[in-house]
2 protein chains.
Amino acid sequence: MFSKTCEYALRATIFIAQKTKEGERIGIKEIAKGIDSPEHFIAKILQDLSRKGIVQSAKGPNGGFYLDKASMKQSIADIVKAVDGDKVFQGCGLGLKQCSETEPCPIHHEFKRIRKQLFVMLDKSKVGAFTEALENSLTFLKR
Amino acid sequence: MFSKTCEYALRATIFIAQKTKEGERIGIKEIAKGIDSPEHFIAKILQDLSRKGIVQSAKGPNGGFYLDKASMKQSIADIVKAVDGDKVFQGCGLGLKQCSETEPCPIHHEFKRIRKQLFVMLDKSKVGAFTEALENSLTFLKR
DNA sequence: ATAATAAAAGATAAATTAGTCTTTTATTAT
DNA sequence: ATAATAAAAGACTAATTTATCTTTTATTAT
Ligand code: FES
Ligand code: FES
């Protein structure tokens, strides 16, 4: 559904959200461990997320990644869009160059419905909202 | 959502279904034109679909691709599974190694619901069922 | 000022996916 | 039998995605 990069980005951002709520900044090594991702790869990804303002970072001692208030309110959909673009929310299921109402592919109407539901669902999911379940080990970011 | 290979496979199979209903076998060149795909690439893909029994083929003069009765009843979901595997129907949205009920990721329950709807929708869509709309130019396989 | 820390940046490398081109095999019509 | 047709097979190239490693820059505490 999403690229590896995007999957790591989502897990990392949720992980950072949790740590931020606990009041700490978190370093790349711990993030990599916390979400079970390759360390150097998630570093690259976070660099990019930081440039895009999706996560915040501070260099030097006591530095690390964290989320400001606005970032905390971001949705999963926002992050997917920033990383993978909106192909998954807008693109044609059969790969036509443009999903179009006037020249629809055979599955257009049904596919569009599902795509919409996917978007609504991911748009409602705010990164700051998963903390409690994670704390209580009701949900997981690795396994 | 799906790989390029899978998108081409779906369009090609639907295209072949249409031609079969019109009573003709169809060659690779015409398929490539009909669905706007690279000719050699769709050839490779069809080779594979043929080996898997998703489409039927005949060599030599008057040869080409067609669908038998069983293939006509196949669903889009069947083809997606055959080409891309069932990751899109079973895999975790955040990329955990295994989607799991007992150790779910933060979006598991919602994501699972959407994934299920996607499957049901694609499973209901049989390749033989699109012919009429295509004939009447209500739907399209290229643009 | 200096050393330590931690992210940013940059340069490669490996793996996967997408796409192309050539040769071989099977089938049919003459 | 032979030539023509059309898919099957195989070898290769290109592009993209995923991943690794090294160097630089910014920040902090001593
Ligand atoms: S045209 Fe294919 S999904 Fe809209
Ligand atoms: S565990 Fe992530 S979708 Fe089920």
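Remember, predicted model here, so these are calculated numbers, not experimental data. Residue numbers begin at 1 in each chain, while the letters A, B, ... track the order of the sequences.
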Counting Watson-Crick and G-U wobble pairs only, both distances under 3.5 Å, name the nucleotide matched with C:dA18, or none.
D:dT13
Which listed nucleotide (D:dG10, D:dT18, C:dA9) is nearest to the side chain of A:Ser3?
D:dT18
Choosing from D:dT20, C:dA18, C:dA26, which nucleotide comes nearest the side chain of B:Thr5?
C:dA18
Short side-chain N/O contact to C:dA7 OP1/OP2 from A:Ser50, under 4.0 Å
no
For C:dT30, give its Watson-Crick or G-U wobble partner with both distances under 3.5 Å, or none.
D:dA1
When rounded to whole Å, the CD to P distance for the pair B:Gln56 and D:dA8 reads 11 Å
For atom CZ of A:Phe41 and atom C1' of C:dA15, their distance in whole Å
12 Å
Side-chain contact check for B:Lys4: nearest option of C:dG19, D:dA29, C:dA8 is C:dG19
With the side chain of A:His40 defined as its heavy atoms from C-beta on, choose the nearest nucleotide among D:dT22, D:dT18, C:dT20.
D:dT22
Do the side chains of A:Arg11 and A:Asp36 get close enough for a salt bridge, i.e. N-O under 4.0 angstrom?
no
What are the two closest non-hydrogen atoms of B:Tyr66 and B:Ile16, and how far apart are they?
CA-CG2, 3.5 Å
Nearest whole Å is fine: how far is D:dT17 C1' from A:Lys87 NZ?
14 Å
NA contact type, A:Ile26, heavy-atom cut-off 4.0 Å: base, sugar-phosphate, or nothing?
sugar-phosphate
Rounded distance (Å) that lies between atom C1' of C:dA7 and atom CG of A:Leu49
13 Å
B:Phe65 atom CZ is separated from D:dT5 atom P, nearest whole Å, by 18 Å
Does D:dT18 have OP1 or OP2 sitting under 4.0 Å from an N or O in the side chain of A:Tyr8?
no
Any chance the side chains of B:Gln56 and B:Ser50 put a donor and an acceptor closer than 3.5 Å?
no
Donor-acceptor pair under 3.5 Å, A:Gln47 side chain vs C:dA7 base
no
With nearest nucleotides of DNA chain D determined for A:Ile42 and A:Gly60 from heavy-atom distances, which residue corresponds to the more 5′ nucleotide?
A:Ile42
Should B:Arg51 be listed as having a side-chain N or O under 4.0 Å from OP1 or OP2 of D:dA9?
yes
Nearest whole Å is fine: how far is C:dA6 C1' from A:Tyr66 OH?
14 Å
How close do A:Thr131 and A:Lys21 get, counting heavy atoms only, and between which atoms?
OG1-CD, 3.4 Å
Can you tell me if B:Asn62 touches the phosphate of C:dA29, counting only side-chain N or O atoms and a distance under 4.0 Å to OP1 or OP2?
yes
Just checking B:Ala58: base, sugar-phosphate only, or nothing, at a heavy-atom cut-off of under 4.0 Å?
sugar-phosphate
Give one of base, sugar-phosphate or nothing for A:Lys29, where a contact means two heavy atoms less than 4.0 Å apart.
nothing
A:Glu39 CD to C:dA7 C1', in whole Å, measures 12 Å
B:Lys59 side chain, from C-beta outward: closest of D:dT28, C:dG19, D:dA7:
D:dA7
Both distances below 3.5 Å, Watson-Crick or wobble geometry, any strand: find the nucleotide opposite D:dA7.
C:dT24
Give me the atom names and distance for the closest heavy-atom approach of B:Gly128 to B:Ala17.
CA-CB, 4.5 Å
Over how many whole Å does the gap from A:Ile45 atom CD1 to C:dA8 atom P extend?
13 Å
Among D:dA9, C:dT27, C:dA18, the one nearest B:Pro61 by side-chain distance:
C:dT27
Side chain of A:Ile28 (C-beta onward), nearest among D:dT27, C:dT20, C:dA7:
C:dA7
Polar side chain donor-acceptor pair, B:Glu101 to B:His108, under 3.5 angstrom:
yes
Of all the choices, C:dA9, D:dA7, C:dA8, which nucleotide is nearest to the side chain of A:Lys44 once you look at every atom?
C:dA9
Would you tell me whether A:Ser125 and B:Glu110 have side-chain atoms, one donor and one acceptor, within less than 3.5 Å of each other?
no
